[in-house]
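Worksheet: one structure, shown below.
In this text the structure is predicted, and so the values were computed from the model without any measurement. All chains are named by letter (A, B, ...) in the order of the sequence lines, taking the proteins before the strands, and each is independently numbered beginning at 1. No hydrogens, no waters, no symmetry mates; every other heavy atom, side chains included, goes into these values.
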Amino acid sequence: MTVVTRFAPSPTGLLHVGGVRTALFSWLYARRMGGKFILRVEDTDRERSTEEAVRVILDGMDWLGLAADEGPYYQTRRFDRYKEVLAGMLAAGTAYHCYCTKQELDALREQQIARKEKPRYTGICRERREPRPGVSPVIRFRNPIEGAVVVHDLVHGDVTFQNTELDDLIIARSDGTPTYNFCVVVDDMDMGVTHVIRGDDHLNNTPRQMNMLQALGTAPPVYAHVPMILGPDGAKLSKRHGAVSVLQYEEEGFLPDALLNYLVRLGWSHGDQEVFTRQEMIAAFDIHDVNKAASAFNPEKLLWLNQQHLMRAEPAAVVPYLRAQLRRIGCESSDQALLEGVIVAQRERAKTLKEMAHNSRFFFVDRIDIDPKAAAKHLTADGRAALTQVRARLAALPAWDAPSIHSALNALAEAAGTGLGKIAQPLRVAVTGTAVSPPIDQTLALLGRERALARLDAVLAVS
RNA sequence: GCUCCCUUCGUCUAGAGGCCCAGGACAUAGCCCUCUCAAGGCUGUAACACGGGUUCGAAUCCCGUAGGGAGCGCCA
């Protein structure tokens, strides 16, 4: 039997890291098992579903590289199928019309809560034969009254629910549209889903779904309820930290592989390994190894991992991402060699591509602004004197590459009897505008002789 | 309130009875390296929620307690 997993987000909120992680687990498991991964948009709540949320799901999955083998399917386009199943259940008696009004149900619920009971539908319409005039009925599933349901969960082990705890849930609204718990069951059945991997907030829904599956004469899939992701403060994920659209991470300058790597390590591990390529993740991942406890999202570790990926990635593969970030700050460049050189020079001092772009601006603009504080500290009389010598020396250099520049500067420092720092810092400020940059020889080599000398001249001109 | 789930350093985790006076990683502190900033290396601080059992022996098994979470919708 080939494995079929699915990711079934609801477009009622923006896709965030929590959703991405369950998507990742499903995707990884399918890839690992040589199975199929399906994307299905659960948009039966027409009131709250938005176009934008659908967009974020599609674009987000695309950016992350979590390609679906099938889909995206949309539940709103499957209403005919749901109607058909509903009719069959009504005919078979596994579902029935309920004519209780919302008001009556609310009143019932309030009474139960007042009596400190678990609010539940008591089955008033279970045996009703005649319609009630003026009320358009909902359809309820006739849940078994006796016995228990055991969920054989891959993460939690066996979890038992008594049927007496489960009431007859509504599977179709009074306007005829089907509800979530019912649609999932039909879809997973129709699409041949073998492994349902989802957040453990769904664990409580599972016994009902299994009962429905049984009523439909289908064996249940394997379930794996993965723990949720908490905010850095241990509280529920909220807008303030992680609950932003995943595309926010693209904007912030994260590599998709780094985000995925971070997320896969939340609730899962493989020995002491922290950094995983996509292929390594696929090879090592197993849903059986996923933890039960929720974990807190730690932005600092994400940052660290992003840099690790930046440092290990093929520079050419990073170029498109850096270009996108440069474009955001008004810099355009198609100089592949320069872009790759900048990536190699900057990646060990930037945690994100956004940061890298900001720190590298001076490579891509014609005129730089010089930070006054850096100038005051390093472009002193002594500093300028040194720069005059540096300028002459560099201008006369036969080859313009990092080793040549390095030895030239070293020779100068030695001759002056000072450390290299006395020369490098003024030089750095003059050509980059700040006191921080990659090693000065590399910086100059990448910048090119022409621009380097021009910037020196500009500094030396104002005295 | 009821049902279900969860509980190892600040955080992510290793650990499936002796290998653990608990290992790795992020963060943090110190040192080294050094042209700046980093990266890197070394060292340090830091955890088995609590209480009972079972056992020669428990982070690991059992039972309670506490704390946290989820569900109980004509939301998904």
Side-chain angles (χ1 to χ4, degrees), chain A residues 8-13 42-45 47-49 75 98 100-102 105-106 109 112-121 136-140 151 153 155-156 159-162 164-167 169-175 177 179-181 183-184 199-207 225 227-228 230 232 234-236 262 265-275 291-305 307 311 346-351 359 374 378 406 409-410 413 419-425 427-429 432 434-441 443:
Chain A
S10 146
T12 51
E42 311 223 320
D43 54 353
T44 53
D45 184 354
E47 303 288 302
R48 299 194 305 154
S49 295
Q75 291 187 322
C98 167
C100 297
T101 63
K102 242 176 207 171
L105 261 16
D106 286 345
R109 204 181 345 263
Q112 290 168 327
I113 292 173
R115 269 185 262 131
K116 300 194 187 279
E117 285 171 16
K118 180 173 182 168
R120 62 203 306 280
Y121 180 65
S136 31
V138 298
I139 300 175
R140 287 184 186 271
V151 180
D153 193 276
V155 174
H156 294 274
V159 183
T160 305
F161 294 85
Q162 297 302 321
T164 49
E165 292 296 331
L166 275 22
D167 62 358
L169 77 160
I170 292 173
I171 56 181
R173 305 177 177 91
S174 46
D175 66 2
T177 58
T179 60
Y180 164 77
N181 272 297
C183 294
V184 192
D200 65 11
D201 49 338
H202 289 279
L203 185 53
N204 287 296
N205 291 326
T206 307
H225 287 93
M228 320 217 60
L230 273 22
K236 204 163 144 188
Y262 176 70
R265 281 286 290 99
L266 246 34
W268 175 85
S269 62
H270 183 68
D272 285 340
Q273 188 170 353
E274 294 288 350
V275 184
N291 284 157
K292 299 172 181 185
S295 40
F297 187 87
N298 182 346
E300 278 164 345
K301 188 159 181 185
L302 206 212
L303 245 14
W304 173 79
L305 258 178
Q307 181 167 32
M311 291 193 295
Q346 293 284 41
R347 60 188 179 179
E348 61 195 38
R349 63 206 92 234
K351 295 195 182 298
N359 296 345
H378 300 290
H406 187 77
L409 295 180
N410 259 343
L420 186 54
K422 291 275 185 244
I423 291 175
Q425 281 308 86
L427 182 51
R428 174 170 280 118
V429 174
T432 73
T434 73
V436 175
S437 86
I440 195 63
D441 49 355
T443 302

P atoms of B:G10 and B:A46, separation to the nearest Å: 11 Å
I want to check something: taking the side chain as every heavy atom from C-beta on, are A:N204 and A:F161 in contact at a cut-off of under 4.5 Å? yes
Select from A:K351 and A:A435 the residue whose nearest nucleotide in RNA chain B is closer to the 5' end of that strand. A:A435
Using whole Å, what does the distance between atom C1' of nucleotide B:A27 and atom CD of A:E300 come to? 6 Å
Should B:G18 form a Watson-Crick or G-U wobble pair with both distances under 3.5 Å, which nucleotide is its partner? B:C56
Using purine N1 to pyrimidine N3 plus N6-O4 or O6-N4 for Watson-Crick, or N1-O2 and O6-N3 for G-U wobble, each under 3.5 Å, what pairs with B:G51? B:C63
Measure across A:P439 and A:R349 and return the closest heavy-atom pair with its distance rounded to 0.1 Å. CD-NH2, 3.5 Å
Does A:W304 reach the side chain of A:E274, with side-chain heavy atoms less than 4.5 Å apart? yes
In whole angstroms, how far is the C1' atom of B:U36 from the CG atom of A:N359? 12 Å
Nearest 0.5 Å, please: how far is CD1 in A:I440 from CD1 in A:I423? 11.0 Å
Partner lookup for B:G71, please. Criteria are Watson-Crick or G-U wobble with both distances under 3.5 angstrom; report none if nothing qualifies. B:C2
Would A:R428 and A:Q425 satisfy side chain to side chain donor-acceptor pair (under 3.5 Å), going step by step from the backbone distance to the final call? CA-CA 5 Å; A:R428 174 170 280 118; A:Q425 281 308 86; 2.5 Å; yes
Side-chain N or O of A:S295 versus OP1/OP2 of B:C12: is the shortest distance under 4.0 Å? no
If I take atom CZ in residue A:F161 and atom P in nucleotide B:C4, what distance separates them, rounded to the nearest angstrom? 8 Å
Using the P atom in both, what is the distance from B:G71 to B:G41, to the nearest Å? 43 Å
Just how far, in rounded Å, is P of B:U36 from CD1 of A:I423? 13 Å
Take atom P in B:A59 and the same atom in B:G52, then report the distance between them in whole Å. 14 Å
The side chain of A:V436 lies closest to which of these nucleotides: B:C37, B:G23, B:G40? B:C37
Across the strands shown, which category fits A:Q346 at heavy-atom distances under 4.0 angstrom: base, sugar-phosphate, nothing? nothing
Across all chains, not counting sequence neighbours, the salt bridge (Lys or Arg N to Asp or Glu O under 4.0 Å) partners of A:E165 are A:K118
Assign A:Y262 to base, sugar-phosphate, or nothing according to its heavy-atom contacts below 4.0 angstrom with the strands shown. nothing
Roughly, in whole Å, what's the span from CZ in A:R349 to C1' in B:G40? 12 Å
Summarise protein proximity over nucleotides 67-76 of chain B in one line of letters, 5' to 3': B for base, S for sugar-phosphate only, - for none, counting protein heavy atoms closer than 4.0 Å. ---BBBSBBB
Distance between the C1' atoms of B:C19 and B:U65, in whole angstroms? 33 Å
How many whole angstroms separate atom CZ of A:F297 from atom P of B:C26? 17 Å
Letter per nucleotide, 5' to 3', of nucleotides 30-35 of chain B [B base touched, S only sugar-phosphate touched, - untouched; heavy atoms, 4.0 Å]: -----B
Would you check if the side chain of A:T179 reaches a backbone N or O of A:I170 as a donor-acceptor pair within less than 3.5 Å? yes
When rounded to the nearest Å, what value does the distance between P atoms of B:A70 and B:C26 take? 31 Å
note: A:E274, atom CD; B:U11, atom P; distance rounded to Å ~ 16 Å
Determine the minimum heavy-atom distance between A:L166 and A:R120, stating which atoms define it. O-NH2, 3.3 Å
Shortest side-chain distance from A:V159, nucleotide among B:C4, B:A14, B:C26: B:C4
Integer-rounded Å distance: B:C4 C1' and A:H156 NE2: 10 Å
B:A49 and B:G67: how far apart are their C1' atoms, nearest whole angstrom? 8 Å
Taking every heavy atom of A:Q75 against every heavy atom of A:C183, the minimum-distance pair comes out as NE2-CB, 3.3 Å
Mate of B:U28 across any strand shown (Watson-Crick or G-U wobble, both atom pairs under 3.5 Å) is B:G44
Whole-Å C1' distance, B:G73 and B:G68: 24 Å
Student check: side-chain heavy atoms of A:S10 and A:Y180 closer than 4.5 Å: no
Any donor-acceptor N/O pair, A:H156 side chain to A:H225 backbone, under 3.5 Å: yes
Under 4.0 Å: is that the gap between some side-chain N or O of A:N291 and OP1 or OP2 of B:U8? no
Gap in Å between the two C1' atoms, one belonging to B:C33 and one to B:A58, rounded: 45 Å
Would you call the rings of A:Y262 and A:F297 parallel, tilted or perpendicular, taking 30° and 60° as the class edges? perpendicular
Check every atom of B:G23, B:C26, B:U13 against the side chain of A:R265 and return the nucleotide holding the closest atom. B:U13
Now, which nucleotide makes the Watson-Crick or G-U wobble pair with B:C35, with each of the two distances under 3.5 Å? none
